[in-house]
Amino acid sequence: MIREAEKEDLKELLQLYLFLHETSIPEDSEQLRKTWADIMSDENHHLIVCEIDGKIVASCVCVIIPNLTRNVRPYAFVENVVTHEDYRKKGYATACLDYAKQLAKKNNCYKMMLLTGSKKESTLNFYRNAGYNSSDKTAFIQWIDEQ
């Protein structure tokens with residue numbers, strides 16, 4: 001089942017993020033609780049999950065960003081695409097991305113963007129097969145604080 005995350009999903013999502021690039025689960029803190037509350041209350045921030053047999057196995061974030069160009073149409077930014085390693089190659093992340101695309105269409109977005117740090121051809125092909133291309137734009141990243 002594809003759905004948007006609920007308040008009770010935080011612990012399980014943090015576990016899933018260990019399959020993304022995290023090396024540990026953040027400690028329970030005021031900052032963590034406030035960030036989670038902010039995400040849950042932001043109508044433009046969509047944390048999409050795929051739940052199989054009561055377990056969250058894949059997820060992505062889709063943020064709708066208001067915009068003054070392109071006839072005042074917003075755009076969508078997709079981030080933190082992840083699937084638990086035991087559930088990969090079953091279409092679960094693709095289903096999350098499809099849900100994000102429907103949200104973008106519903107919100108009249110003119111484009112969707114995502115970035116990946118992966119250089120693995122299989123990962124790049126996954127995004128290509130989901131309808132993304134790497135030829136229209138050039139991405140630049142400036143890390144604010146290396147951790």
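Residues: numbered from 1 along the sequence shown. Note that the structure is a prediction, hence the values are computed from the model and not measured. Both backbone and side-chain heavy atoms feed into the values below; hydrogens, waters and symmetry mates do not.
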(request) Could you please spell out the steps behind the side chain to side chain contact (heavy atoms under 4.5 Å, CB included) verdict for Leu32 and Glu30? (result) CA-CA 5 Å; Leu32 176 64; Glu30 183 62 33; over 6 Å; no
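Side-chain atoms of Asp42 do not come within 3.5 Å of backbone N or O of Ile39 as any donor-acceptor pair. For the pair Asn129 (side chain) and Asn125 (backbone), a donor-acceptor distance under 3.5 Å is present.
In this structure, the side chain to side chain contact (heavy atoms under 4.5 Å, CB included) partners of Lys111, at least two apart in sequence or on a different chain, are Tyr75, Met113, Lys137. By the side-chain hydrogen bond (donor to acceptor under 3.5 Å, both in side chains) test, Asp136 pairs with Asn133, sequence neighbours left out. Looking at residues two or more places apart in sequence or on another chain, you find a side-chain hydrogen bond (donor to acceptor under 3.5 Å, both in side chains) between Thr69 and Asn67.
With contacts defined as side-chain heavy-atom distances shorter than 4.5 Å, the pair Thr35/Gln31 qualifies. The closest side-chain heavy-atom distance from Val49 to Ile2 is not below 4.5 Å. Considering only heavy atoms from C-beta on, Leu115 comes within 4.5 Å of Phe77 through its side chain. Taking 4.5 Å as the limit, every side-chain heavy atom of Glu8 sits out of range of all side-chain heavy atoms of Leu10. Side-chain contact between Tyr132 and Val78 is present, with heavy atoms from C-beta onward closer than 4.5 Å.
No continuous path of hydrophobic side-chain contacts links Met112 to Tyr110 [ILVMFWY only; heavy atoms under 4.5 Å]. Note on Leu20: it does not cluster hydrophobically with Val81, by side-chain heavy-atom contacts below 4.5 Å among ILVMFWY residues. Hydrophobic clustering (side-chain heavy atoms under 4.5 Å, transitive across Ile, Leu, Val, Met, Phe, Trp, Tyr) keeps Leu124 apart from Leu114.
Contact record, His84 with Leu16: N-CD1, 3.4 Å, taken as the closest heavy-atom pair. Minimum heavy-atom separation, Arg33 to Asp28: NH1-OD1, 2.7 Å. The minimum heavy-atom distance between Ser134 and Arg128, with the atom names listed, is OG-NH2, 4.3 Å.
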Side-chain atoms of residues 85-105: list all donor-acceptor pairs with protein atoms under 3.5 Å, sequence neighbours left out, distances to 0.1 Å.
residue	atom	partner	partner atom	Å
Arg88	NE	Thr83	O	2.9
Arg88	NH2	Phe19	O	3.3
Arg88	NH2	Thr83	O	3.0

Quick one: side chains of residues 51-66, donor-acceptor pairs under 3.5 Å with protein atoms, not counting sequence neighbours, listed by atom name and distance.
residue	atom	partner	partner atom	Å
Glu51	OE1	Arg3	NE	2.8
Glu51	OE1	Arg3	NH2	2.9
Ser59	OG	Ile48	O	2.7

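Sorted by first then second residue, the ring pair (Phe, Tyr, Trp, His ring centres under 6.0 Å) pairs that include residues 28-65, not counting sequence neighbours, number zero.
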